[in-house]
Every structure is written in structure tokens, then in C-alpha cells.
Amino acid sequence: MKLATVLEIGRPGLLATLQDYGRFGYQAQGITQGGPIDERAFLWANRLLGNSFNAAQIEITLGGFSATFTRDTLFVVTGAEFPLTLNDQPLKVWRVAQARAGDQLQIGTGDQGLRCYLAVAGGFQATPHLGSVATVMRDALGGLTQDGRPLRSGDRLNAPLLHAHSLVSRRPSSKLHLTLPSRVTLDVIPAAQVSDFSATARELFTNQSYQVTARQDRMGVRIEGESALSDLPGQMISEPLPLGSVQIPTDGQPIVMLNDHQTLGGYPKIGVLSWQARSLLAQLPAGRRVQFRWLELSEAQRQLRQALRFFNVTR
Amino acid sequence: MLIAEQEWRFVTAAADALMIEFAAQIDLTINAQVHRLVQLIQTHDGAGIIEVVPSYRSVLVYYDVLNHSEAQVRNSLAPWVSQVLDERESGALQQFQNSGTLHQIQVCYDAEFGLDIVAVADALGGTIEDVIKLHTAPEYHVYTLGFAPRFAYLGDVDERLRLPRHATPRQKVPAGSVAIAGQQTAIYPSVSPGGWQILGRAAHLPELKAGDRVRFIAVSANEFAQLQESQS
């Protein structure tokens, strides 16, 4: 496979990181998975470009990003609906576009989402570390320089040179567009220690509305309800922590574990977010209201299988 | 689902993950059950197991949800759990427990590296030599890895040496620091925040796997410097 530089970062914005689907098979060594927080937007971008599901993209948090294409390529931006321009001409998010060498890409800021994904045909290439290029800053893993550092101004990214594609206007079916409802319902699978919570706590969890807080990063997001859950299960022996777990620490307010979460956790978990719910939460700015809703395991699995098949995800 | 007098159970962990839990204790025999179960799962294919994550008393199993139901995975795992419990009864588990790789790790306990060793000795009402003796005496067992990449939780620390974490964690614990907290001891693989009591600095950190065994060997500052040099 022949590689050539395809993009040079101008401004990375608040945080821009290289992410593939994630680093799997190393949790037993305490190594977390990383990967895109909004998995749905990430997988759509690869699908729209005909890439492998695992092809690396740039995850851009809160916009404010600019870059120059250094050669012709097809590209797409998915996820948060930040204003997008190529050489000052507005472009649509979720729509594949053609870039020419020298074209300037600008991604502005906005309140319709938190994270967008910039993908190019063939995917960005970097040397994998433990089988993945996913950037985990906290653990100094992955990324362009295999040390977990985020992208910065002047970074040049490679992608495979592909045979000239014709520009086909591939776009996702409209129902899968990201439109953030003012009030979001997050489906939760009852799991882990759910039966150790009191009936009152379990009811309050789904009956009251919650608010996403600013206390969030790629490890997790704190969510706050008017009333804290009370009479919680006691502290437990730490155990492996799956992605999307809803931990309830002693203050009775949920923390949802995101992709860079620690591999072990000692707080009781009331459940785990569904695949869809994770991608919804990935886009919610602080202050956005959410409501939790129970989702049976069988239905959650049906949704997950549908997504994995649709996006050709294999592990 | 509780079987065999609550000795173990399955718990749904995620849409594609199942937890197997043994009794809720930090205990060498229970942890040996965990690691023997992991070994059995990994040496036998079945039910599309993708990744296995052991911890103190539980094993998280990720499975191929496209082709397997949770019930199938439970059915395929249950016989391995039974075998582990049988082996405990027959004494075979004890042999397994002693079969993990033994690592010898040189540690310099000088106060230059052992940032808390003087305070720990005071808390014990003993000398620094007493602390070194207590910390190097046991053969430790790797219960689990977590917290950070390659951070291994070792136990059991001698009862006389069991001290709480610092009320306020340090912002930066130096890489290689050897520390204790309660019944556990560990080596910090890289610089990180941490609240454990730091006793010394390891000359090297081998790749530890859950179920391995570790012995600490006290070395002087000179030997430590030589060991470090020979490795670089």
C-alpha cells in the first residue's frame, strides 16, 4: 500500500485526536480501549467512504479546527453539526466531498453536539501500538507518535493512495442523521449490581430527569439529577468495567464510563448504556437534559447486532 | 442465578459481556479460581469468546454477540466453573496457584526513593530495616491488573504492614515506585497520581500477568544504580 501525506493540521481546536475503532484484547493488562466516543458517527464516516470499519479518523471535540489538504482525496465529516467550509464554501456534514490539493477545511463551533469525525478515503495511517492507533492521552498510548499526544498544528497525516474514486454522493438515510432532541432518552440495560439497588433507587433513576454536567472527558461523564440516589449498595471489590457502565458513586449521582475509562472500577453499577445511547450521550453538551429508560437485554442485543452487521464490524 | 451455595454466579455485564463472580473476598484461593477459569476458557474454544478480563474475584467475558446468545455463553462456561470448583476440592487448584511465573524484582528502599518509608517505620513503631524485612518476606501473588497499563495489584502484605492510603494522594508518584496500601502492594509502571505509601524504587518492572508470583529483593543504592545502568 502506497502512502502519501493527505492533510496538514492548522488549528487542532480544543482537542483533536487520531482514533480507530479501539484497542482490544489488552484489558487484562489494564489497557483501556480508546476509540471514538460517538461510535455511530465514526462508523458512518467509514461506511460513507467505503473504508474498513476500523480505518482511523480524527475526532474533533467542540470544533474550532482547521486543516489543509495536501493532495486530492474524498473526505467526510460526521457527528456534531458544526459549521463546515472548504475554501470558505459551506459544506454539509454527513456528506462525502472531494478535496483538491491546497484546499482549506474549516470546522467552526456550535452547540449542536460535542464531537465530529473527519475521515478520508482509505483512512489516516499511523504506526499502531498494541494493534491500534487509538489515542489515549491518560495512558500515553497511540496517536500519530505512539505516545498518546493529541494532534497539533503542523502535524501531517498520511493516507493510502487509492485509485481515483468517482465522487458518488453517498449519504446516510435521513433517520440516522444526528439531530439532537432537546430532551434525550438514554436506554440502559439493567446489569451488574442493579439488583443490589433498592426499588426506590431504581425507580428514581428512571423517573427523574437528569442533566449532563461539564465534568466530562474521554474517560467518563458525570450526570446530575435533582435528587441523589440513596441507600446505595456498599463499596465493592473492584471488578472489570465495561464501556457505557453507569456507576453510582457514594454521592448518588451517575458517572457514565466512556472509551478511555479505567479497566477496573469499585463503584456499584446500576446498568450499562445501549449502543445507541452511548452515541447520543457522546454529543450532549453540559446542561442538556436526559432521561434514563430501562431496555431489556434482548432488545439491546438486537439493536447492537443490527449496528454491527450494518457497519461490518468484526472483532 | 445462584448455584452451589452462592459460591459463584453469572451476572449480565453488557449487551456483549457476561461476568462470572466467585465469593466476594480478596482471597488467594478465590483469586486462583479466577485465573484457573481464565486459563480453561482461553485453552478451549467455545461460544465465541472474544476477550477475558480477570480481576480479584470475577471474570469478565466479552463474546461474539452476532453469533451467540447470553444463554449459549452461560452454557458453554458453566462446565469450566464446575471444573475449577472440583479442582479446588481435589487440591489441584493449589498446584495451579504455585505454577505462575515467579519474578524476582530488586528494590532500593533508601529514603531517597522510599518517600514514605520513614513515616511507615514510625507508624509501626519499628525501624526502616523492620519495614524492609516485612515487605521482602512474602512471595506475593498478582491478583489483577488495572488502574493504569501494567499496574499489578500484589498481595498479601504482612498484617503488621497494612496501612491506609494517604488522605490526599500525591500528584506525581515517580515511575517504578514500590508502594503499599492495606493488604496490597504494587509498582507504579509510570509517573501518575497515587495515594499509596511509597517504600522504595524497583530496578526494573517485568511484564506481570495476573496469577504470577513476585519476590522483592532489597538492594543498596549502589547496586540499584548498577542495575539501572546495565539495563539502559
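Letters A, B, ... are given to chains in the order of the sequence lines, protein chains preceding strands, and every chain is numbered from 1.
- Contacts with chain A were tallied for B:Ala17, B:Ala13, B:Ala152; B:Ala13 has the most, counting heavy-atom pairs under 4.5 Å.
- Contacts of residues 177-212 of chain B with chain A at a heavy-atom distance below 4.5 Å involve B:Glu207, listed in sequence order.
- In this structure, the separation between CG on B:Leu66 and CG on A:Leu308 is 5.0 Å, given to the nearest 0.5 Å.
- Neither the backbone nor the side chain of A:Gln306 comes within less than 4.5 Å of any heavy atom in chain B.
- Here the closest non-hydrogen pair linking A:Gln301 and B:Tyr63 is NE2-OH, 2.9 Å.
- The nearest pair of heavy atoms linking A:Leu241 to B:Tyr62 is O-OH, 4.3 Å.
- Contact annotation for B:Val11: only side-chain heavy atoms (C-beta onward) come within less than 4.5 Å of a heavy atom of chain A.
- When the shell of 6.0 Å around OH of A:Tyr267 is examined, it contains 12 or fewer heavy atoms from other residues, nucleotides or ligands.
- Your options are B:Ala24, B:Pro149, B:Gly146, and the one with the most heavy-atom pairs under 4.5 Å with chain A is B:Pro149.
- Taking each heavy atom of B:Thr144 and A:Leu264 in turn, the nearest pair found is CG2-CD1, 3.9 Å.
- Only the backbone of A:Tyr26 has a heavy atom closer than 4.5 Å to any heavy atom of chain B.
- Once rounded to the nearest 0.5 Å, the distance linking CD1 of A:Ile237 with OG of B:Ser55 reads 9.0 Å.
- Of the atoms belonging to B:Val38, not a single heavy atom falls under 4.5 Å from chain A.
- Atom CZ in B:Phe147 sits 9.5 Å away from atom CG in A:Asp139 (nearest 0.5 Å).
- Judged by distance alone, with hydrogens and angles left aside, the side-chain atoms of A:Glu239 form no donor-acceptor pair with the main-chain N or O of B:Ser58 at under 3.5 Å.
- Of the inter-residue distances, the one linking A:Ile31 atom CD1 with B:Arg150 atom CZ reads 8.5 Å to the nearest 0.5 angstrom.
- Of all the listed residues (A:Ile189, A:Val313, A:Leu243, A:Val272), the one sharing the greatest number of non-hydrogen pairs under 4.5 Å with chain B is A:Val272.
- When A:Gln29, A:Gln262, A:Gln193 are compared by the number of non-hydrogen pairs under 4.5 Å with chain B, A:Gln29 comes out ahead.
- More than 12 heavy atoms of other residues, nucleotides or ligands shown are found within 6.0 angstrom of CZ on B:Arg162.
- B:Met19 approaches A:Pro240 most closely through the heavy-atom pair CE-O, 3.6 Å.
- In A:Glu296, the CD atom is not crowded: 12 or fewer heavy atoms of neighbouring residues, nucleotides or ligands sit closer than 6.0 Å.
- B:Ala15 and A:Leu304 make their closest contact through CB-CD2, 3.8 Å (heavy atoms, listed as atom of the first residue, atom of the second, distance).
- The two residues B:Leu145 and A:Ala28 make their nearest non-hydrogen contact at CB-O, 3.3 Å.
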